[in-house]
Amino acid sequence: MKKFSLLAVVLFAAFSVHAQDAVKFAPLDASPVDISYFPNKAVKFKKTDNPNPVVKVIYARPSVKGRTIFGDVVKFGEVWRVGANENTEIKFYKAVTIDGKKIPAGTYSLFAIPEKDKWTIIINKELDLWGGYAYDESKDFVRVSVPVKSVSEVIEALSIAFTSKDSVANLVIGWDKTTVELPITIK
């Protein structure tokens, strides 16, 4: 009986190892996915005294890797997905106002049209796109022109964060030596 039990364990282990060998996991993506929240850390320390999230951005973070980003990798005057891979998604947990336009709670795509001195930031109703290739301007919810700010140190990986003052959350996008800020009014 002990030999039979031992044989059963060995056979089970052999089948388990074989089954694991059949799965081919993808290698680590060159542009890993990240999430930014407003308020910052809203979901990291879930306690009764912490605020609930108001905005969440899910995006892929490509790196500069010595390249010229704006005007070359990301073409001026063309729609860009604000990241890599799938288009960036922005979720509003409650209604917000952007450039005087009320945006209902929900999940949207975040696109941009970069220029040398300004960007057009786009909140679009279309979801689950790969990049900006199937972007449909007719599904834009709002477009806002924001100025470009130069920074002295290279921001190696595309980064999105929030700053705030009073009832405004500024969605800050930074990459290479460029940053832009999109003011989002929260009531």
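Heavy-atom basis, side chains included; hydrogens, waters and symmetry copies ignored. All residue numbers refer to positions in the sequence shown, counting from 1.
- Side-chain heavy atoms closer than 4.5 Å link hydrophobic residues (I, L, V, M, F, W, Y) into clusters, and following such links, even through other members, never connects Ile69 to Phe111.
- At least one donor-acceptor pair under 3.5 Å links the side chain of Ser36 to the backbone N or O of Ile160.
- Nearest heavy-atom pair, Pro183 versus Glu181, reported as atom, atom and distance to 0.1 Å: CD-O, 3.6 Å.
- Counting all heavy atoms, side chain and backbone alike, Glu115 lies closest to Gly77 at OE2-CA, 3.1 Å.
- Applying the side-chain contact (heavy atoms from CB on, under 4.5 Å) rule to Lys75 yields the partners Asp72, Glu78; only residues at least two apart in sequence or on another chain are considered.
- The closest side-chain heavy-atom distance from Trp80 to Tyr135 is not below 4.5 Å.
- For Ser164 (side chain) and Phe162 (main-chain N/O), no donor-acceptor pair under 3.5 Å exists by modelled atom type.
- Under a hydrophobic clustering in which Ile, Leu, Val, Met, Phe, Trp and Tyr are joined whenever their side-chain heavy atoms come within less than 4.5 Å, directly or via other members, Val172 and Val168 fall into different clusters.
- By the rule that hydrophobic residues join a cluster once side-chain heavy atoms approach within less than 4.5 Å of another member, Val79 and Leu171 end up as members of separate clusters.
- The two residues Pro53 and Tyr37 make their nearest non-hydrogen contact at CB-CD2, 3.8 Å.
- The backbone N or O of Ala60 sits nowhere less than 3.5 Å from a side-chain atom of Asp34 that would complete a donor-acceptor pair.
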Audit row: Arg81, Glu86, side-chain contact (heavy atoms from CB on, under 4.5 Å) steps and yes/no
CA-CA 8 Å; Arg81 62 187 138 200; Glu86 288 188 41; over 6 Å; no
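- When each of Ile122, Thr88, Ile90, Asn87 is checked for a side-chain contact (heavy atoms from CB on, under 4.5 Å) with Tyr108, only Ile90 meets the rule.
- A continuous path of ILVMFWY side-chain contacts below 4.5 Å connects Val73 to Val154, so both sit in one hydrophobic cluster.
- Using a distance-only test at 3.5 Å, with no hydrogens or angles considered, a donor-acceptor pair links the side chain of Glu156 to the main chain of Lys65.
- Ion pairing between Glu153 and Lys177 fails under the 4.0 Å rule for side-chain N and carboxylate O.
- Each of Ile155 and Val64 belongs to its own hydrophobic cluster when Ile, Leu, Val, Met, Phe, Trp and Tyr are linked at side-chain heavy-atom distances under 4.5 angstrom.
- Relative to the six-membered ring of Phe141, Lys101 meets both conditions, a distance below 6.0 Å and an angle of at most 45° to the axis.
- Asp140 places no side-chain N or O within 3.5 Å of a backbone atom of Val142 that could act as its donor or acceptor partner.
- In this structure a side-chain-to-backbone donor-acceptor pair under 3.5 Å is present from Lys94 to Lys187.
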Step by step, would you call Ser145 with Lys118 a side-chain contact (heavy atoms from CB on, under 4.5 Å)?
CA-CA 7 Å; Ser145 182; Lys118 67 180 172 96; 3.5 Å; yes
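- Using a distance-only test at 3.5 Å, with no hydrogens or angles considered, no donor-acceptor pair links the side chain of Thr97 to the main chain of Thr185.
- From Asp176, atom CG reaches atom CG of Leu158 across 11.0 Å, with rounding to the nearest 0.5 Å.
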